[in-house]
Q: 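Could you have a look at this structure, given as structure tokens, before my questions?
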Amino acid sequence: MPSSDARILAEAAVPTAAVGVVAAVISGVVAGGKGAIGALVAAVIVILFMGIGLYVLQRTAKSLPHLFQAMGLMLYAAQILLLFVFLAAFKNTTLFNPRAFAFTLVAATLAWIAAQTRAHMKSKILYVEPDSTASSTGDKPDKTERSS
């Protein structure tokens, strides 16, 4: 993973983890130990889903740039649907507090999206790859002739 991609991943994961910790503390106070566990599980799920999605999207951008936008839209839709599936699957669980789980899942997802958007806006990523052959040989690019 290139350094810019790793930086964007870290800049999105750290605030999301912080939101998860805050949510775990609040859920622990409000709902006890099961609330804290639910909040931590939700934060981990969001970081895993969104992190894997970011990795897949960056790989797609490098190998199939013409599919980047469509892949991004499909990926975000799939992630949101999978998060709803997790909400439905753990709706009546006794392992942790489902309400703390659901609120943290939503809060952590929003935190990830906001942090990733901010990281992309701050990063200075080239959207056009410079021609490496002309710069490595020291030659100037060929001029094209205009037809009159």
Q: So, the side chain of Lys34 versus the backbone of Leu95: is there a donor-acceptor pair under 3.5 Å, distance only?
A: no

Q: Please identify which of these residues, Leu110, Ile45, Val41, meets the side chain to side chain contact (heavy atoms under 4.5 Å, CB included) condition with Leu105.
A: Ile45

Q: Applying a strict under-4.5 Å side-chain criterion to I, L, V, M, F, W and Y, I'd like to know whether Phe103 and Leu40 cluster together.
A: no

Q: Just so I know, are the side chains of Ser27 and Asn97 near enough to count as touching, which here means a heavy-atom distance under 4.5 Å?
A: no

Q: For the residue pair Phe101 and Phe96, categorise the inter-ring angle as parallel (less than 30°), tilted (30 to 60°) or perpendicular (more than 60°).
A: tilted

Q: Between CD1 of Ile8 and CD of Gln58, what distance do you get to the nearest 0.5 Å?
A: 6.0 Å

Q: What is the minimum heavy-atom distance between Ala100 and Gly35, and which atoms define it?
A: CB-O, 3.5 Å

Q: Give the C-alpha distance, both sets of side-chain angles, the deciding distance and a yes or no for side chain to side chain contact (heavy atoms under 4.5 Å, CB included) between Leu64 and Met71.
A: CA-CA 10 Å; Leu64 302 166; Met71 183 67 166; over 6 Å; no

Q: Which heavy atom in Ala43 sits nearest to a heavy atom in Gly20, and how many Å separate them?
A: CB-CA, 3.6 Å

Q: To the nearest 0.5 Å, what is the distance between CD on Gln69 and OG1 on Thr60?
A: 13.5 Å

Q: Report yes or no: do Phe86 and Val44 belong to one cluster of Ile/Leu/Val/Met/Phe/Trp/Tyr joined by side chain heavy-atom distances under 4.5 Å?
A: no

Q: Where the side chain of Glu11 meets the backbone of Ala115, is there a donor-acceptor pair that is under 3.5 Å apart?
A: no

Q: Side chain to side chain contact (heavy atoms under 4.5 Å, CB included) for Ile80 and Thr109? Distances and angles first, verdict last.
A: CA-CA 9 Å; Ile80 297 299; Thr109 301; 4.2 Å; yes

Q: Is any side-chain heavy atom of Phe49 less than 4.5 Å from a side-chain heavy atom of Trp112?
A: no

Q: Considering non-hydrogen atoms only, spot the tightest contact between Ala108 and Thr16 and give its length.
A: O-CG2, 3.6 Å

Q: Look at the side-chain heavy atoms of Ile, Leu, Val, Met, Phe, Trp and Tyr, link any pair under 4.5 Å apart, and say whether Val56 and Met74 land in one connected group.
A: yes

Q: At their closest point, which heavy atom of Leu75 faces which heavy atom of Gly53, and how far apart are they?
A: CD2-O, 2.9 Å

Q: Can Met50 and Gln79 be said to form a side chain to side chain contact (heavy atoms under 4.5 Å, CB included), step by step?
A: CA-CA 7 Å; Met50 297 298 192; Gln79 286 173 334; 3.2 Å; yes

Q: Do you know which two heavy atoms are closest between Thr104 and Ala23, and how far apart they sit?
A: OG1-CB, 3.4 Å

